[in-house]
Number of protein chains: 2
Amino acid sequence: MNRILVAEDEDRIASFVSKGLRAAGFTPTVVDDGVSALDYASSGEFDLLVLDIGLPGLDGFEVLKRLRANRSTLPVIILTARQSITDTVAGLEGGADDYMSKPFRFEELLARIRLRLREDPREPELTVLTHGALALDLRSRRAAVEGRTVELSAREFALAETFVRHPGQVLSREQLLSHVWGYDFDPGSNVVDVYVRYLRKKLGVQWFETVRGMGYRLVEVA
Amino acid sequence: MNRILVAEDEDRIASFVSKGLRAAGFTPTVVDDGVSALDYASSGEFDLLVLDIGLPGLDGFEVLKRLRANRSTLPVIILTARQSITDTVAGLEGGADDYMSKPFRFEELLARIRLRLREDPREPELTVLTHGALALDLRSRRAAVEGRTVELSAREFALAETFVRHPGQVLSREQLLSHVWGYDFDPGSNVVDVYVRYLRKKLGVQWFETVRGMGYRLVEVA
DNA sequence: TGGGCAGATGAGAACTCTCTCATCCGGCTC
DNA sequence: GAGCCGGATGAGAGAGTTCTCATCTGCCCA
């Protein structure tokens with residue numbers, strides 16, 4: 001349950017997605033045109049399809065349509081153009097299970113993939129992440145340190161979530177930028193530093209270790 | 001699949017919830033102490049339990065614990081005190097299926113109840129609401145009118161959602177206030193008027209009809 | 001026809017959020 | 001030990017959001 005087909009023709013996005021998926025333990029395969037997408041998706045070798053709408057050859061809608069016409073129940077998450085609700089509606093009506101509109105944060109795509117691949121969808125979605133005395137309530141966007149509740153802004157929360165999902169692992173600024181800010185953010189910025197500082201201030205300095213020249217790391221709990 | 005047990009001792013909230021549930025087509029029953037809650041919940045007469053943590057007699061945790069000890073699989077949504085993530089974690093670990101922290105917007109509770117009662121949880125959650133040429137993307141908080149995409153703020157979106165979920169129905173300011181702003185908002189405010197104006201400006205005046213002395217109504221589509 | 005009242009509207013205060021920029025600090029290297 | 005460089009920090013600009021308030025408008029009824 002971890003073979004994922006990524007149909008996306010923009011190199012930058014395809015690589016962003018496939019790298020991230022691999023790091024998260026999935027086995028991604030990338031194709032960059034509609035015909036191959038349909039072909040591979042029909043092979044039965046995949047557990048989920050991430051499908052860009054704007055594919056050359058056969059567009060995403062067409063791929064989806066033919067796939068469903070062949071009675072495939074493969075879960076499909078479509079990537080729709082920036083801001084196009086029309087595409088979203090059409091895609092969902094055309095049999096997509098979910099969608100992401102570009103530009104998206106990788107963590108969000110990951111959450112949706114996990115949701116679609118979950119063995120028992122009846123099982124409650126994990127909405128509170130914990131790491132030692134640190135707890136993140138994914139729904140209310142609030143955090144708690146040793147019982148004390150802390151309000152986090154959207155960005156602060158997304159960053160904290162990324163750390164908690166990769167405890168003990170050194171995360172580079174680039175990784176954090178692409179996971180939290182999206183794939184098309186200015187890599188020269190020092191936002192990451194600034195937001196790590198915000199988190200340190202709100203959650204306590206002891207959680208976030210600086211690894212000089214490398215990035216930051218959420219300290220592991222004993 | 002529509003009999004809901006509400007265990008809540010604060011009158012104001014109990015009535016807010018039960019009224020809303022009735023209006024949404026459910027059949028709510030209210031109890032105001034832990035012993036009755038456990039009693040009724042064990043009867044097999046209900047499809048879901050909305051359980052306040054701070055109940056007199058037996059508190060919510062205890063009710064939940066005993067319920068699960070008796071092998072009941074009744075879906076339970078707990079209501080936790082303002083900001084207490086600790087309660088939330090304890091509740092979910094104690095076998096709750098979901099939670100709401102007070103003060104909550106009614107529409108949100110409703111969404112969670114619907115989710116838990118859905119026949120086939122595998123079926124994609126409805127994430128785009130439409131009403132004629134009006135579409136609301138619940139996830140990206142964007143709306144579309146005849147293909148044109150419009151950005152809405154959180155409040156604007158919640159208000160629009162309420163209208164679209166009750167098309168053609170006159171909604172009083174009080175109803176809108178409690179649904180969109182929560183149950184403890186100053187009833188003397190004219191925020192509703194102001195936000196209806198914002199929606200008219202962004203989505204078009206034709207959608208929102210003023211019913212003098214009564215409230216507002218989303219016009220039905222031909 | 002005039003007054004009153006419900007609703008519409010304009011303006012703006014308070015606040016939050018996000019990000020940039022300039023400067024400071026301190027460890028590492030030579 | 002000096003200088004450099006990565007990172008920490010403080011400050012603030014700019015944008016967006018939410019809500020209040022005062023005023024305007026126009027419908028309805030006496």
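Numbers restart at 1 for each chain; the letters A, B, ... are given by sequence-line order, proteins then strands. Below, all heavy atoms of this structure are taken into account, side chains as well, without hydrogens, waters or symmetry copies.
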Let me know the distance between CG of B:D193 and C1' of D:dA22, rounded to the nearest Å. 14 Å
Nearest whole angstrom, please: distance from the P of C:dC15 to the CD of A:E151. 16 Å
Residue pairs passing the salt bridge (Lys or Arg N to Asp or Glu O under 4.0 Å) test with at least one member in residues 170-179 of chain B, sequence neighbours excluded, are B:R173-B:D193
Distance check: side-chain N/O of A:R173 vs OP1/OP2 of D:dG7, anything under 4.0 Å? yes
Look at all strands and tell whether A:V192 reaches a base, only sugar-phosphate, or nothing, counting heavy atoms closer than 4.0 Å. nothing
Rounded to the nearest Å, what distance is computed from the CG atom of residue A:L152 to the P atom of nucleotide C:dC17? 10 Å
Indicate whether OP1 or OP2 belonging to C:dA8 is found under 4.0 Å from a side-chain N or O atom of B:Y216. yes
Donor-acceptor contacts, no H, no angles, side chain residues 87-95 of chain B, under 3.5 Å, sequence neighbours left out:
from	atom 1	to	atom 2	distance (Å)
B:D87	OD1	B:S84	OG	3.4
B:T88	OG1	B:S84	O	3.1

For A:R217, which residues count as a side chain to side chain donor-acceptor pair (under 3.5 Å) partner, sequence neighbours excluded? A:E209
Using atom CG of A:L176 as one end and atom P of C:dC19 as the other, report the distance to the nearest whole Å. 14 Å
Nucleotides 22-28 of chain C: which of its N/O atoms have a protein N/O under 3.5 Å away?
from	atom 1	to	atom 2	distance (Å)
C:dG26	N2	A:R212	NH2	3.3

Using 30° and 60° as the class limits, which term best fits the ring planes of A:F104 and A:F16: parallel, tilted or perpendicular? tilted
Whether B:T210 contacts C:dA6 is assessed here as follows: a side-chain N or O lying under 4.0 Å from the phosphate OP1 or OP2. Is that the case? no
Listed once per pair and sorted, the side chain to side chain donor-acceptor pair (under 3.5 Å) pairs that draw on residues 128-137 of chain A, sequence neighbours left out: A:D137-A:S140, A:D137-B:Y99
Looking at D:dG10, D:dT17, D:dT20, which one has an atom nearest to any side-chain atom of A:V194? D:dG10
Just jot down the side chain to side chain donor-acceptor pair (under 3.5 Å) partners of A:N190, sequence neighbours excluded, or say none. none
Looking only at the side chain of A:D186 (C-beta and beyond, no hydrogens), which of the listed nucleotides C:dT20, C:dC17, D:dC19 gets closest? C:dT20
Less than 4.0 angstrom between a side-chain N/O of B:S189 and OP1 or OP2 of D:dT20, yes or no? yes
Sorted by number, residues from residues 195-209 of chain B placing a heavy atom under 4.0 Å from DNA chain C are B:R197, B:R200
Could you list all N or O pairs between the protein and nucleotides 1-3 of chain C that sit under 3.5 Å apart?
none

Does a side-chain N-to-carboxylate-O contact under 4.0 Å join A:K102 and A:D184? no
A:S15: partners by side-chain contact (heavy atoms from CB on, under 4.5 Å), with sequence neighbours left out: A:K19
Taking only the side-chain nitrogens and oxygens of B:W181, find out if one of them lies under 4.0 Å from OP1 or OP2 of D:dT18. no
Among residues at least two apart in sequence or on other chains, which ones pass salt bridge (Lys or Arg N to Asp or Glu O under 4.0 Å) with A:R139? B:D98
Measure CZ/B:F157 against P/D:dT17 and give the value in whole Å, please. 13 Å
Among all residues two or more places apart in sequence or in another chain, which pass the side chain to side chain donor-acceptor pair (under 3.5 Å) test with A:R105? none
Throw together a table of side-chain donor-acceptor distances under 3.5 angstrom for residues 198-206 of chain B, partners on residues two or more places apart or in other chains.
from	atom 1	to	atom 2	distance (Å)
B:R200	NE	B:F208	O	3.3
B:R200	NH2	B:F208	O	2.9
B:R200	NH2	B:T210	OG1	2.6
B:K202	NZ	B:E151	O	3.1
B:K202	NZ	B:E156	OE1	2.9

For the residue pair A:H179 and A:F106, does the interplanar ring angle fall in the parallel (under 30°), tilted (30 to 60°) or perpendicular (over 60°) class? tilted
Hey, is the side chain of A:R155 poking within less than 4.0 Å of OP1 or OP2 on C:dC17, counting only N and O atoms? no
